[in-house]
Amino acid sequence: MVVPELRPWRAARPHATRVANAVRPRLARAAGAVRPGLTRATDAVQPYLVRTVAAVKPQVTRLARMPRPKAVRNWQYTAGAATAGLALAATVATAAGPWDSSGQRTAERDRAVTLERTGGTDHGGDSGTAAAGPRPAPSAPSVLTALGGGANTVKSAPTGQALAAVLGPLLGNTALGTRHTAAVVDVATGKRLYGAGAGTALTPASTTKIATAVAALSALGADHRLVTRAALEADTKELVLVGGGDPTLTARADAEGWASLRELAEETATALKKRDITTVTLSYDKTLYAGSEIHPIGVNDNLAPVSALMVDEGRTDATASGPAPRTTDPAADATRTFARFLSDNGIRTTAPGPSKATGRAENLAEVLSPPLSALVERMLTNSDNDIAEALARQTAVADRQRADFAGGGKAIRAQLKKLGLPLAGADFHDGSGLDRADRLTADLLTSLLVKAGDPDHPDLRPALTGLPVAGFTGTLTSRYTDGAAGVVRAKTGTLTGVNTLAGTVVDQDGRLLAFAFLTSDTTDPGAAQSALDRTASALAACGCG
């Protein structure tokens, strides 16, 4: 089986390295400089932003009054639409401030660096630097602002007849295989605007991760954190490394905000020395999860064995995302690394073996993952299969199901049922979508996105904010570069013969729409991907009210 979902990350790796090298020292300096002067900065920036809004308002007004051509090209934007998007992005800075939670400024900065342009992250016409300093990076159009709901009151929603006229011919492209389904929904009202086989279940590939995200957030909450701990059995002096199912636990020197195995070892060594212990019997506990660790697709570079204890996703190289060779025993390898860090801190250990911490064990130290919201966003942006399978099992634990592949699928379904989502025809066999037996409908995918945008369910919002932004982030970084960059944000899905796309888009009337396109029996993945991109771009370019 060929699973090419994340191959573009190999090509993007040099760009990502440049981004990291360019940004890290600036962020370090900025953190020290900004913190003490935050209040002064806010007072200084606000008048400037107000002037910016006042300056762009006439342009926005004129653009709104411009007559719309009767026919809009399906795959590109007019210059007026692009200008309006920039103006809207500048306006939103008034409310969002210099940084926001959706990653807009980060996306702009990374895109500027990736394209080897000099530029900062300012939104106005003056970066506030010397003449030789960097010019402001271009802002993303209005997709990132529309997630706040402000753009949804601009004009009436598109009509089904108009959408059918635009989308029908594009979905009929032979590159999309012999079977395809589609749905478009107005996020503000939840009303379906267009459907073509929307209730027919097809193989969803990685768009399954949207369902996994919503289910995990619903079951655990956006602030939930996963705990990795070291526990000491007082009577036997056995030290147990207890896995809490955190797939982002890292052994790297720079943890970059993720839970650090090095830090855990240092704190554990300190606690042991306080008890005059310098030699321990070392073991590991991975019993939080049950069943086979190997996915039904078999050993595959897209996914490590699913273990409650692992570091750096079991990768045997220096990568942080995408396919990579994996260890065959993540828990044992993680514990051997832990032993090495303990040795560096003056604690000798035996060779580690499997065990289970008792209720009498004393916790010596622990490290916490970032909140679940961050794990969900990383999973969706990078299409991270390891996080997806971990979240499915965490959902099973919360739902009191057996924490294996089948239990994860049952738990996902149970959580979505509690949310009142349409599950007819849906079938979940994993959390990542690598299993070809998974089935989802376009109706369910769009309903998941609408539910994530519902103000009554704020914990589900990361299922939207984590979606890759076209032309800017994640698996869409290199797509839509000459089309709907910044306006489409969507989760991709690719298996042999399967291409899917589901996400949100802002149309030319400022409406936030959720869409899902699923195709089967495709023969050319590149052509199918391009056809789906053109369809999403046409939806963005549509003034179909």
Taking every non-hydrogen atom, the tightest pair across [X] and [Y]:
{"X": "A259", "Y": "P370", "value": "N-CD, 4.4 Å"}
{"X": "P204", "Y": "T500", "value": "O-OG1, 2.9 Å"}
{"X": "L375", "Y": "I387", "value": "O-CG2, 3.6 Å"}
{"X": "D430", "Y": "I412", "value": "O-CD1, 4.1 Å"}
{"X": "D246", "Y": "S369", "value": "OD2-CB, 3.3 Å"}
{"X": "A365", "Y": "E267", "value": "CB-CB, 3.7 Å"}

When you measure from the side chain of [X] to the backbone of [Y], do you find a donor-acceptor pair of N or O atoms at a distance under 3.5 Å?
{"X": "T441", "Y": "L444", "value": "yes"}
{"X": "H295", "Y": "I297", "value": "yes"}
{"X": "D438", "Y": "H429", "value": "yes"}
{"X": "Q394", "Y": "A216", "value": "no"}
{"X": "T381", "Y": "G466", "value": "yes"}
{"X": "T522", "Y": "D524", "value": "no"}
{"X": "R436", "Y": "G433", "value": "no"}
{"X": "T475", "Y": "N382", "value": "no"}
{"X": "D285", "Y": "T287", "value": "yes"}
{"X": "D454", "Y": "V450", "value": "no"}

Does one side chain, of [X] or [Y], offer a donor that lies under 3.5 Å from an acceptor on the other?
{"X": "T519", "Y": "N499", "answer": "no"}
{"X": "R315", "Y": "T319", "answer": "yes"}
{"X": "K237", "Y": "T281", "answer": "no"}
{"X": "E238", "Y": "S283", "answer": "yes"}
{"X": "T395", "Y": "Q415", "answer": "no"}
{"X": "T494", "Y": "Q529", "answer": "no"}
{"X": "Y289", "Y": "E389", "answer": "no"}

Would you call [X] and [Y] a side-chain contact if the rule is heavy atoms closer than 4.5 Å?
{"X": "R479", "Y": "T492", "value": "yes"}
{"X": "D386", "Y": "L303", "value": "yes"}
{"X": "L495", "Y": "T203", "value": "yes"}
{"X": "E263", "Y": "T250", "value": "no"}
{"X": "F515", "Y": "L501", "value": "yes"}
{"X": "L217", "Y": "P462", "value": "yes"}
{"X": "T270", "Y": "K274", "value": "yes"}
{"X": "Y480", "Y": "D533", "value": "yes"}

Inset, instruction - Might you work through the side-chain contact (heavy atoms from CB on, under 4.5 Å) test for F428 and L440, ending with a clear yes or no? - result: CA-CA 8 Å; F428 301 95; L440 270 70; 3.7 Å; yes
Legend entry - Among L272, T268, T236, side-chain contact (heavy atoms from CB on, under 4.5 Å) partner for V280: L272
From [X] atom [atom1] to [Y] atom [atom2], the distance as rounded to the nearest 0.5 Å:
{"X": "K209", "Y": "D384", "atom1": "NZ", "atom2": "CG", "result": "8.0 Å"}
{"X": "L467", "Y": "T473", "atom1": "CG", "atom2": "OG1", "result": "9.0 Å"}
{"X": "T248", "Y": "L226", "atom1": "OG1", "atom2": "CG", "result": "7.0 Å"}
{"X": "L464", "Y": "K491", "atom1": "CG", "atom2": "NZ", "result": "14.5 Å"}
{"X": "S520", "Y": "L202", "atom1": "OG", "atom2": "CG", "result": "4.5 Å"}
{"X": "L372", "Y": "D223", "atom1": "CG", "atom2": "CG", "result": "9.0 Å"}

Legend entry - R275 bridged to E362 by N-O distance under 4.0 Å: yes
Inset, instruction - Considering only NZ, NE, NH1 and NH2 on the basic side and carboxylate oxygens on the acidic side, decide whether D333 and R336 come within less than 4.0 Å. - result: yes
Inset, instruction - Would you kindly check if the NZ (Lys) or CZ (Arg) of R252 is within the cone defined by 45 degrees around the ring axis of W258 and under 6.0 Å from the six-membered ring centre? - result: no
Inset, instruction - Step by step, work out the side-chain contact (heavy atoms from CB on, under 4.5 Å) result for V367 and V227. - result: CA-CA 6 Å; V367 288; V227 182; over 6 Å; no
Legend entry - Greater than 12 external heavy atoms within 6.0 Å of K273's NZ: yes
Inset, instruction - Please test F338 against L282 for side-chain contact (heavy atoms from CB on, under 4.5 Å), starting from the C-alpha separation and ending with a verdict. - result: CA-CA 10 Å; F338 184 62; L282 182 61; 4.2 Å; yes
Legend entry - Step-by-step side-chain contact (heavy atoms from CB on, under 4.5 Å) determination, T477 to F472: CA-CA 5 Å; T477 299; F472 281 76; over 6 Å; no
Inset, instruction - Scan residues 340-356 for pairs that pass salt bridge (charged side-chain N to carboxylate O under 4.0 Å, His left out), counting only residues two or more places apart or in two chains. - result: none
